[in-house]
**Q** 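Before we start, here is the structure in question, set down as C-alpha cells.
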Amino acid sequence: AMTSPPPPFAESLDTWPPIARAPRPAAATPSPAAPDIARPLFLEAPSGIVLLDRFGRVLDCNPAFAALVGQPRGELLGWPFLVLFAAEDRAEIGRGLADLTLTAARAARIEEARLPSLSGEPRVLALHLARAERAGASGGGIVVHCVDITERHRLRARMSEAERLRAMG
C-alpha cells in the first residue's frame, strides 16, 4: 500500500523537529488560532533551506532555495539533492549526507559547493547539514541550510590574482 508523502517542512515542524523539544505544559499549549511562528521563518529566510528525506530527495524547500536554483519549488520536490550541484562537488556532498544517515554524526558542513545556473555564472554555496529526527517515527531526514557565498568567492579569487600579479612584479 502506498503511503502519503510527508507534509511540507514548514507545516510539519511539530512532527519533524530538528531538535528535541520538551513537552509543553497544558497551559502553554497554543490555541488553534495562534500563528505558526516557524512557517514565516522558513518562508522568509534570506538563505535557502531544504528538507531532505533519508535518501537525499528534496521533500521541501523555501523560496530562497528555489530562487538560487532558478526553478519553481514544485519542480524540485522529489529530486535527488545531489543532482542539483556540479558533478565535481557531488562526492563531497554525498559523503556529508552519508555521514548523517549512516553514522552518529549530527551535523556536517560543506565549505563550497557549486550550483550550476542556466542563466549565467554558477552560484557557490556553503552547505550546513543537520540530522532531523521524526518524533515517534522511524527514519528521519536532513535539514540543509544553504548560504550563498558567491560574492565572497569572487572577491577571494580577485585578491589571489592581484597578489599573484604583484609577486610577478
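A quick note: this is a predicted structure, and the numbers were derived from the prediction, not measured.
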**Q** Do Val144 and Leu52 have side chains that get closer than 4.5 Å, going by heavy atoms?
**A** yes
**Q** Rounded to the nearest 0.5 Å, how far does CZ of Arg123 lie from CD of Glu151?
**A** 6.5 Å
**Q** Under 3.5 Å, side chain of Thr101 to main-chain N/O of Arg54, donor-acceptor pair present?
**A** no
**Q** Would you call Glu75 and Arg73 a salt bridge, using N to O less than 4.0 angstrom?
**A** no
**Q** Roughly how far, to the nearest 0.5 Å, is CG of Leu97 from CG of Leu82?
**A** 5.5 Å
**Q** Is it possible for you to say whether Leu77 and Val69 belong to one hydrophobic cluster, with membership spreading through side-chain heavy-atom contacts below 4.5 Å?
**A** yes
**Q** Quick one: closest heavy-atom pair of Pro116 and Ala86, and the distance?
**A** CD-N, 3.6 Å
**Q** Can you find a heavy atom in the side chain of Val58 that is under 4.5 Å from one in the side chain of Phe65?
**A** no
**Q** Can you tell me if Asn62 uses its side chain to pair, donor with acceptor, with the backbone of Ile49 under 3.5 Å?
**A** yes
**Q** Find out whether Pro63 and Leu43 are in side-chain contact, i.e. whether some heavy atom of one side chain is under 4.5 Å from a heavy atom of the other.
**A** yes
**Q** If you compare all heavy atoms of Leu127 against all heavy atoms of Cys146, which two are closest, and at what distance to 0.1 Å?
**A** CD2-SG, 3.7 Å
**Q** Between Asp60 and Val50, is any pair of side-chain heavy atoms under 4.5 Å apart?
**A** no
**Q** For the residue pair Pro46 and Ala64, what are the closest heavy atoms and their distance?
**A** O-CB, 3.8 Å
**Q** Examine distances only and state if a side-chain atom of Arg57 and a backbone atom of Pro80 form a donor-acceptor pair shorter than 3.5 Å.
**A** no
**Q** Examine Trp79 and Phe81 and state if one hydrophobic cluster contains both, with Ile, Leu, Val, Met, Phe, Trp and Tyr joined whenever side-chain heavy atoms are less than 4.5 Å apart.
**A** no
**Q** Measuring from atom CG of Leu155 to atom CD1 of Ile149, what distance do you get when rounded to the nearest 0.5 angstrom?
**A** 12.0 Å
**Q** Yes or no on salt bridge (Lys or Arg N to Asp or Glu O under 4.0 Å) for Arg164 and Glu161, after CA distance, side-chain angles and deciding distance?
**A** CA-CA 5 Å; Arg164 186 182 69 80; Glu161 180 66 15; 2.6 Å; yes
**Q** How about Leu84 and Leu76: do any of their side-chain heavy atoms sit closer than 4.5 Å?
**A** yes
**Q** Please report the closest heavy-atom contact between Leu129 and Gly96, naming both atoms and the distance.
**A** CD2-C, 4.4 Å
**Q** Starting from the C-alpha separation in whole Å, work towards a yes-or-no answer on salt bridge (Lys or Arg N to Asp or Glu O under 4.0 Å) for Glu163 and Arg158.
**A** CA-CA 9 Å; Glu163 286 178 19; Arg158 281 190 214 127; over 6 Å; no
**Q** Quick one: CZ on Arg114 to CZ on Arg90, what's the gap to the nearest 0.5 Å?
**A** 11.5 Å
**Q** Group every Ile, Leu, Val, Met, Phe, Trp and Tyr by side-chain heavy-atom contacts under 4.5 Å, then state whether Phe42 and Val143 land in the same group.
**A** yes
**Q** So, the side chain of Arg131 versus the backbone of Leu100: is there a donor-acceptor pair under 3.5 Å, distance only?
**A** yes
**Q** Nearest 0.5 angstrom please: Leu125 CG to His153 NE2, how far?
**A** 11.0 Å
